[in-house]
A.B. asks: 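Dropping a structure here in C-alpha cells format, bear with me for questions.
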Amino acid sequence: MLISATGRPISVGQLLNKMAGRDNRDGRDGRDSRGLDDPPNSRLFILCQKGTTEQEFRDAFDKFGTIEDIWIIKDKRTNEDRGIVYIKFSKTSEAMQAMEEMNGRALPGTNKGLKVVVANSKRDGSTRDPREDERLVRLFVIIPKHFSEQTLREEFSKYGDVESVTVLKDRNTGESKGFGYVRYFKPLHAAMAYENCDSSFRPKFAEPQRSRDERDEIENHGFTHHSGAGQKRMYEDELHPPGFFNTEVQAFPSRNFHLGTGPMEILSEYPATNTGSRLIIQAPIGLTQGYLSKLFNIIPGMEYCDLNETTGVAYARYSSPQCAAYARDKLNGFEYPLGSPIHVQMADENVRQEFPMNVDNNNFSHFGNQFGSFPAPGASPMEAIDIRQKAAMILEKAGINPHNLFSFAAAGVGSVGDGRKERVPYCNIPLPPPQPTVAEDGKNLAQRLFIVCQPSGVSERVLKDAFCRFGNLIDVYLLSGRNYGYAKFASKDCAMKAIETLHGQTLAGQKLKVLEAEPPKTHPVHGGMQGDEGPSKKQRL
DNA sequence: CGACGGGACGC
DNA sequence: CGACGGGACGC
C-alpha cells in the first residue's frame, strides 16, 4: 500500500496521476492523444483581435515549435468571434518561448497587441490566479542526499538564470531530506530545466505554497482517498470511475530529450532492419480495441492499431520501421494479465528475424538489455521503467481482472474463503486467495521481510498480489532499480507464513528469497537516549 | 551473493 | 479586453 503525504493510502494510478499533475476530473473520453495540459503549461490562452484566422495564428506561432492544436473560440449561439484563441504546443518550452515573444505583439495587419498567457486547466476555468507565474518558474526536484544548495544551483544554472534554490533539511539534524526547489527568473528557463535535466531529478512544476487551510481543502476534495478504501481487495483499488484516469499517458515526456530533438528524431537512430513498419500482435482475449490502441500509442509514430476482438489478433502501423521496431522491442512479451504475454512481431518480414530472447517481462525494476544498444542521447533506464509502467497503467485501466480470468478455472467454482489454495499464473506453486492490505498507521508494523528476486526484479503488482495473500500486508516494494526490497506486515504470523510459503519459490520467472529483515540502518539520533538497551521495538523494524 | 523507497516548502 | 470544440479510418 502506498501512502500519500497525508498518511492516507493512495493507489499507484492515483499517485502517478498526481505526480504528473494530471487533472483527474477532466472528463474527456481519451480519444485525444494527449491531455490539454500535457506536458504542463504547454497550452496558451490568447486574447486577440476578432476575426483573426487560424492560418494567421499558425503563421505567427509555428516558428516556436510544434503546434498540436489551434482553437478559436466562437460564441455557441451567434457564432461570433470572441477574440480568444487557445494554442497547444507539444512542449512547455515552446509555449514559454511563444508567450515571451508574442505577448504584447500585434499580428501582421492588425493593430491590437496580443495578450498571451498560459491557459488554466479546464477545471480551473477563468479564475485568474495572482500567483500566475509562480507556477511557471519554480521546480520541485528530487536530489541526492549529499547535494548542497550550491551544488543544486550549479546543476540547474545550465538551463538559465536561477533566482534561488532551497534544499529541504531535517529541522533537528540539518540533514538534507533529498528534495528541493529551484526558482528561475524566467518561465522559459524553468521549462528548459524541466525538459532537459536528468530524469532522476523527477522535476515537477512546484505548486505555489499554500496556507494550511487551503491545503486541508485539497485533502478533502482532492486526490487522496480515505483509509476505508484500503479494505478493498487489490485490483479493485486500481479501477477508476469513469473520467478519473482518462488523460492519455504521454509516452515520451519531452524532458527525456535534449532541446530541439523530438522523440521521432531520436527513434530514427533506433536499429531496425528493413522489415517494414507494420506489426502483428496477439493480444489476450478480452482486451478491447481502445485499450490496445492506447497501449501501442505509447510508442511515438503509431498510425493505427486495429484489433479483432474475437481472435485477439491486431495489426498496428508506425510512421517508420524504427518506431515499429522500438514498439516491438518494448512491448513484445509484456504480460497482461500476469502470465499472459502480448506477442508482437513484424507483420511483413520476409526473412525471419531474431527477437531479443531476454524479454523484460513487466519487470519495472530491471533495466532491460534493450537499452544497451539504444544510442539516444538522454535515453536512460528511467525510460524503460516509464514505458512498462505506462503500459501497465493503461491495461489496468482496461479492467481485466486476473482473478476473474484464472481463479475460476483453476480453483473451481464456489471455493472462495475456505483457505484453499489456487493456481496463480505468475507463480510456480498454488497460493492462498488474495486478502486486503492494511494501511500503515505508524504503530501497526509488526514484521519486516527482506526480499531478493534473482536474477532480476519482479513488478510491484506481482509482489503485492503474492504477498497480500498471507494477510495484514502493509506494503511491499523493491528499491528502485534493484532486485531486492522489503515487505511490511501488520502481523508477525502472517509475515512468517509468507516466508514459509514463498521463500525459494518462483514469481514471474524470478527465484525468490524471503527472509526476516535486519533492523534498518538508522541514522545516528542526536540528543536521544542511546543507552545499552539498543533500539526500540519500532526502530528494530 | 542481497540491506533500506518516496518525498512538497514550519505563509 | 479573460476561458473551453471537433475529430475519423489507414493495413
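Protein chains get the first letters and strands the later ones, always in sequence-line order, with residue 1 at the start of each. Values below: all heavy atoms of this structure, side chains included; hydrogens, waters and symmetry mates excluded.
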A.B. asks: Expressed as a whole number of angstroms, how long is the span from A/Ile142:CD1 to B/dC9:C1'?
C.D. replies: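 Distance check: A/Ile142 CD1 to B/dC9 C1' gives 13 Å.
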A.B. asks: Among B/dA3, B/dG5, C/dG10, which nucleotide sits nearest the side chain of A/Asp306?
C.D. replies: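 Of the candidates, C/dG10 comes closest.
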A.B. asks: Heavy atoms from C-beta onward define the side chain here; which of B/dG2, B/dA8, C/dC4 lies closest to that of A/Gln454?
C.D. replies: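 So the side chain of A/Gln454 is nearest to B/dG2.
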A.B. asks: Closest-nucleotide mapping onto DNA chain C: is A/Ile73 or A/Lys112 further toward the 5' terminus? I mean the 5' end.
C.D. replies: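 Result: A/Lys112.
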A.B. asks: State which of B/dC4, C/dC11, C/dC4 makes the closest approach to the side chain of A/Glu518.
C.D. replies: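 The closest nucleotide is B/dC4.
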A.B. asks: Glycosidic conformation of C/dC9, syn or anti, with 90° from 0 as the boundary?
C.D. replies: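 The base of C/dC9 is oriented syn (glycosidic angle within 90° of 0).
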A.B. asks: Hey, does A/Leu515 reach any base, or is it just sugar-phosphate, or nothing, if we go heavy atoms under 4.0 Å?
C.D. replies: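 Counting heavy atoms under 4.0 Å across all strands, the contact made by A/Leu515 includes a base.
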A.B. asks: From C/dA3, B/dG2, C/dG6, pick the nucleotide closest to the side chain of A/Lys513?
C.D. replies: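 Shortest atom-to-atom distance from the side chain points to B/dG2.
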A.B. asks: Taking any heavy-atom pair under 4.0 Å as a contact, classify A/Lys50: base, sugar-phosphate, or nothing.
C.D. replies: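 No contact at all - A/Lys50 keeps every heavy atom at 4.0 Å or more from the nucleic acid.
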A.B. asks: A/Arg183 near the nucleic acid: base, sugar-phosphate alone, or nothing, with a heavy-atom cut-off under 4.0 Å?
C.D. replies: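 No contact.
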A.B. asks: Report the residues that fulfil ring-ring contact (aromatic ring centres under 6.0 Å, His included) with A/Phe205, sequence neighbours left out, ordered by chain and then residue number.
C.D. replies: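 For A/Phe205, the residues satisfying ring-ring contact (aromatic ring centres under 6.0 Å, His included) (neighbours in sequence not counted) are A/Tyr194.
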A.B. asks: Considering only C/dA3, B/dC9, B/dG2, which nucleotide approaches the side chain of A/Val452 most closely?
C.D. replies: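 For the A/Val452 side chain, the nearest candidate turns out to be B/dG2.
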A.B. asks: Does the side-chain ring of A/Tyr486 sit on the six-membered ring of the B/dC4 base, less than 5.5 Å centre to centre and under 30° in tilt?
C.D. replies: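 A/Tyr486 vs B/dC4: stacking yes.
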A.B. asks: A/Tyr484 on top of B/dA3's base, within under 5.5 Å and under 30°?
C.D. replies: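 Stack criterion not met.
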A.B. asks: Please state whether the phosphate of C/dG5, meaning OP1 or OP2, lies under 4.0 angstrom from any side-chain nitrogen or oxygen of A/Lys76.
C.D. replies: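 Yes, within the criterion.
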A.B. asks: For A/Ala316, which contact category applies under a 4.0 Å heavy-atom criterion: base, sugar-phosphate, or nothing?
C.D. replies: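 Nothing, no nucleic acid heavy atom in range.
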A.B. asks: Is the A/Phe201 to A/Phe156 ring centre distance short of 6.0 Å?
C.D. replies: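 When the ring centroids of A/Phe201 and A/Phe156 are compared, they turn out to be within the sub-6.0 Å range.
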A.B. asks: Quick one: which of C/dC11, C/dC4, B/dG2 gets closest to the side chain of A/Tyr304?
C.D. replies: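 The closest nucleotide is C/dC11.
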A.B. asks: Is there a side-chain contact between A/Ile67 and A/Phe61 in this structure, where contact means two heavy atoms from C-beta onward sitting under 4.5 Å apart?
C.D. replies: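 Yes, close enough: below the 4.5 Å cut-off.
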A.B. asks: Check the distance between C/dG6's P and A/Lys74's NZ and give it to me in whole angstrom.
C.D. replies: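 About 11 Å, once rounded to whole Å.
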A.B. asks: Does the side chain of A/Leu515 come within less than 4.5 Å of A/Ile499's, by heavy atoms?
C.D. replies: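 No, their side chains stay 4.5 Å or more apart.
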A.B. asks: Classify the side chain of A/Asn483 and the base of B/dG2 as holding, or not holding, a donor-acceptor pair under 3.5 Å.
C.D. replies: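 Result: no qualifying N/O pair found.
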A.B. asks: Without decimals, in angstroms, what is the distance between A/Lys169 NZ and B/dA8 P?
C.D. replies: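 Rounding to the nearest Å, NZ of A/Lys169 and P of B/dA8 are 17 Å apart.
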A.B. asks: Suppose we call a contact any N or O donor and acceptor under 3.5 Å apart; does that hold for the side chain of A/Lys177 and the base of B/dG6?
C.D. replies: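 Donor-acceptor pair under 3.5 Å: no.
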A.B. asks: Which label fits B/dC1, syn or anti, where anti is any glycosidic angle not within 90° of 0?
C.D. replies: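 The base of B/dC1 is oriented anti (glycosidic angle more than 90° from 0).
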A.B. asks: If we require ring centres under 5.5 Å and near-parallel planes under 30°, does A/Phe450 stack on B/dG2?
C.D. replies: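 Here A/Phe450 fails the 5.5 Å or the 30° condition.
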A.B. asks: For the pair made of CZ in A/Phe45 and P in C/dC4, what is the distance, rounded to whole Å?
C.D. replies: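 From A/Phe45 CZ to C/dC4 P: 9 Å.
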A.B. asks: Taking the side chain as every heavy atom from C-beta outward, state whether A/Tyr315 and A/Ile281 have any atom pair closer than 4.5 Å.
C.D. replies: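 No, their side chains stay 4.5 Å or more apart.
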A.B. asks: Can you tell me the distance, in whole Å, between the CZ atom of A/Arg482 and the C1' atom of B/dG5?
C.D. replies: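 Going from CZ in A/Arg482 over to C1' in B/dG5 covers 11 Å.
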A.B. asks: Can a cation-pi geometry be assigned to A/Lys177 and A/Phe179, taking NZ or CZ under 6.0 Å from the six-membered ring centre and within 45° of the ring axis?
C.D. replies: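 Negative - A/Lys177 is either too far from the ring of A/Phe179 or too far off its axis.
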A.B. asks: Measure CD/A/Gln289 against C1'/C/dG10 and give the value in whole Å, please.
C.D. replies: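 The answer, rounded to whole Å, is 12 Å.
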A.B. asks: Atom NZ of A/Lys88 to atom C1' of C/dG7: distance rounded to whole Å?
C.D. replies: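 In whole Å, C/dG7 C1' lies 16 Å from A/Lys88 NZ.
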A.B. asks: Are B/dA8 and A/Phe179 stacked, with the base six-membered ring and the side-chain ring centres under 5.5 Å apart and planes under 30°?
C.D. replies: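 So A/Phe179 does not count as stacking on the base.
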A.B. asks: Just the rounded figure in Å: distance from P of C/dA3 to CD1 of A/Ile87.
C.D. replies: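 Answer to the nearest Å: 18 Å.
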A.B. asks: When you compare the ring of A/Tyr315 with the six-membered ring of C/dC11's base, are the centres less than 5.5 Å apart and the planes under 30° from each other?
C.D. replies: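 No, aromatic ring not over the base.
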A.B. asks: Just N and O in the side chain of A/Arg82: are any of them under 4.0 Å from OP1 or OP2 of C/dA3?
C.D. replies: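 So the side chain of A/Arg82 is within the cut-off, an N or O lying under 4.0 Å from OP1 or OP2 of C/dA3.
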A.B. asks: Do A/Ile298 and A/Phe296 come close enough that some side-chain heavy atom pair is under 4.5 Å?
C.D. replies: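 In short, these two side chains do not touch, never coming nearer than 4.5 Å.
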